[in-house]
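What follows is a set of notes on a single structure, which appears directly below.
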Amino acid sequence: METIKLNNGVEMPLEGFGVFQVPNLAVCEQAVLDAIATGYRLIDTAAAYMNEEAVSKAIAKCGVPREELFITTKLWVQDASYEGAKQAIETSMKKLGLDYIDLYLIHQPMGDYIGAYRAMEEANEEGKLKAIGVCNCYPQILADICETVEIKPAVNQVELHPFFQQESALALMKEYGVHPEAWGPFAEGNHGIFTHPVLTRIGQKYGKSAAQVALRWNVQRGVTVIPKSVHKERMEQNMDIWDFQLSGEDMAEIAGLDIGRSEIVDHSDPKFVQMLHQMRIHE
């Protein structure tokens with residue numbers, strides 16, 4: 001497993017395990033235990049995933065020292081304010097059973113996210129949050145945040161996969177020293193990614209699957225990936241990307257798959273924004 005040094009010196013793995021869409025607490029707990037046993041050390045959850053308690057149980061049972069784990073969670077839109085974030089940070093730490101969180105992210109740049117970020121900066125200075133960052137920030141929003149806050153985001157977790165590559169967004173992140181992290185590195189299964197002819201053909205040269213090629217392509221761009229699966233065999237396959245390197249020709253061919261837009265979410269759609277604001281995760 002390779003790591004990247006974030007802009008504040010914290011080491012972050014280039015591959016982690018995500019628990020989005022695993023609301024069943026028993027299933028989530030077992031999946032995290034299996035992931036840690038497989039070798040994953042970065043575990044990515046969120047308040048809105050409603051499974052922080054399951055992650056906590058797995059952390060307590062896994063037998064791996066706390067300092068070897070890298071735990072990420074996120075602030076939901078409902079709590080996007082200075083006071084809301086202060087409370088949400090404490091709530092997540094309690095649910096996770098941790099006295100610090102390795103990476104804490106604003107889940108969506110909506111509501112008073114600047115006020116929330118101020119609370120995150122304070123928690124970072126207090127040692128409760130080792131690194132802070134954002135999610136789903138398109139270039140103009142990321143630029144505004146970076147020009148506004150005191151502590152620049154360490155990470156921007158966005159949709160990044162062969163069909164939505166966001167090269168201009170990556171260039172801006174590099175300019176500001178913000179590390180990119182890919183949610184949906186398999187494009188949520190769109191475009192037949194697991195059997196895609198280009199990815200499959202490239203993979204055959206290395207004895208790898210199309211999925212492994214998609215993950216390897218992102219990490220070679222310097223992007224952390226967080227694939228998710230509740231099946232241990234798939235977890236092992238997703239981890240098996242560190243013994244080969246795609247050629248420049250391979251990378252260029254994959255670059256040709258970009259369609260330049262998301263087919264999963266549309267943050268410019270007012271109805272989508274309204275839906276996120278209306279989603280309540282607590283009273």
Side-chain angles (χ1 to χ4, degrees), residues 1-8 10-22 27-49 51-52 54-59 62-75 92 96 98 100-107 129-136 153-161 170 173 178-188 211-243:
M1 173 61 62
E2 296 177 17
T3 62
I4 188 79
K5 186 172 285 189
L6 300 178
N7 59 17
N8 64 352
V10 169
E11 293 277 344
M12 177 181 180
L14 272 172
E15 185 172 14
F17 180 74
V19 295
F20 177 49
Q21 294 175 326
V22 192
V27 172
C28 182
E29 179 185 341
Q30 187 59 53
V32 174
L33 281 169
D34 288 343
I36 292 172
T38 299
Y40 293 89
R41 292 297 178 262
L42 187 167
I43 306 298
D44 180 275
T45 184
Y49 299 170
N51 56 20
E52 288 174 314
V55 173
S56 173
K57 289 183 178 179
I59 292 170
C62 71
V64 173
R66 167 67 184 98
E67 61 272 16
E68 293 182 17
L69 299 173
F70 190 100
I71 308 301
T72 301
T73 194
K74 310 179 190 79
L75 176 83
S92 282
L96 288 164
L98 302 176
Y100 70 90
I101 293 167
D102 297 275
L103 177 63
Y104 193 78
L105 304 173
I106 290 177
H107 204 150
L129 310 176
K130 297 299 183 183
I132 57 177
V134 294
C135 301
N136 298 305
V155 169
N156 185 19
Q157 186 183 114
V158 296
E159 180 185 350
L160 292 167
H161 51 74
L170 292 181
M173 290 183 222
V178 179
H179 178 63
E181 182 176 24
W183 66 255
F186 293 139
E188 303 294 296
Q212 289 166 326
V213 169
L215 294 176
R216 182 69 204 179
W217 166 81
N218 245 331
V219 299
Q220 279 188 217
R221 300 199 302 163
V223 175
T224 288
V225 291
I226 44 170
K228 59 182 185 289
S229 176
V230 297
H231 304 291
K232 196 165 190 290
E233 180 181 344
R234 184 64 60 82
M235 295 176 196
E236 293 168 350
Q237 292 169 358
N238 291 341
M239 179 69 80
D240 188 20
I241 62 169
W242 301 101
D243 60 351

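In this text, all values refer to a predicted model and were calculated from it rather than measured experimentally.
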Val158 side chain near Pro180 side chain, heavy-atom distance below 4.5 Å: no
Could you work out, with side chain to side chain donor-acceptor pair (under 3.5 Å) as the rule, every residue matching Gln21, not counting sequence neighbours? none
Lys/Arg-Asp/Glu bridge criterion (N-O < 4.0 Å) met for Arg41, Glu67: no
Does the side chain of Thr45 come within less than 4.5 Å of Val32's, by heavy atoms? no
With a 4.5 Å limit on heavy-atom distance, are the side chains of Asp44 and Lys74 in contact? yes
Would you indicate whether the side-chain heavy atoms of Thr73 and Glu52 approach each other to under 4.5 Å? yes
Take the angle between the ring planes of Tyr49 and Phe20 and call it parallel below 30°, perpendicular above 60°, tilted in between. tilted
Are Phe70 and Lys130 packed together at the side-chain level, in the sense that at least one heavy-atom pair is separated by less than 4.5 angstrom? no
Test side-chain contact (heavy atoms from CB on, under 4.5 Å) on Val134 and Leu105; report intermediate values, then the result. CA-CA 5 Å; Val134 294; Leu105 304 173; 5.8 Å; no
So, do Tyr40 and Leu42 sit near enough that their side-chain heavy atoms are less than 4.5 Å apart? no
Evaluate Ile132 against Asn8 for side-chain contact (heavy atoms from CB on, under 4.5 Å), listing each step before the verdict. CA-CA 10 Å; Ile132 57 177; Asn8 64 352; over 6 Å; no
Val223/Leu170 under side-chain contact (heavy atoms from CB on, under 4.5 Å): CA gap, chis, key distance, verdict: CA-CA 9 Å; Val223 175; Leu170 292 181; 4.3 Å; yes
Any luck finding a side-chain donor-acceptor pair between Arg216 and Gln212 under 3.5 Å? no
Starting from the C-alpha separation in whole Å, work towards a yes-or-no answer on side-chain contact (heavy atoms from CB on, under 4.5 Å) for Thr224 and Met12. CA-CA 8 Å; Thr224 288; Met12 177 181 180; 3.9 Å; yes
Do Glu181 and His179 have a side chain donor and acceptor closer than 3.5 Å? no
Taking CD in Glu233 as the centre, count heavy atoms belonging to other residues, nucleotides or ligands within less than 6.0 Å. Is the count above 12? no
Taking the side chain as every heavy atom from C-beta outward, state whether Arg66 and Asp102 have any pair of such atoms under 4.5 Å apart. yes
Spacing of OG1 belonging to Thr3 relative to CG belonging to Leu14, to within rounding of 0.5 Å: 7.0 Å
Are side-chain heavy atoms of Cys62 and Leu69 found at a separation under 4.5 Å? yes
Give a yes or no on this: more than 12 heavy atoms of other residues, nucleotides or ligands lie within 6.0 Å of atom NZ of Lys232. yes
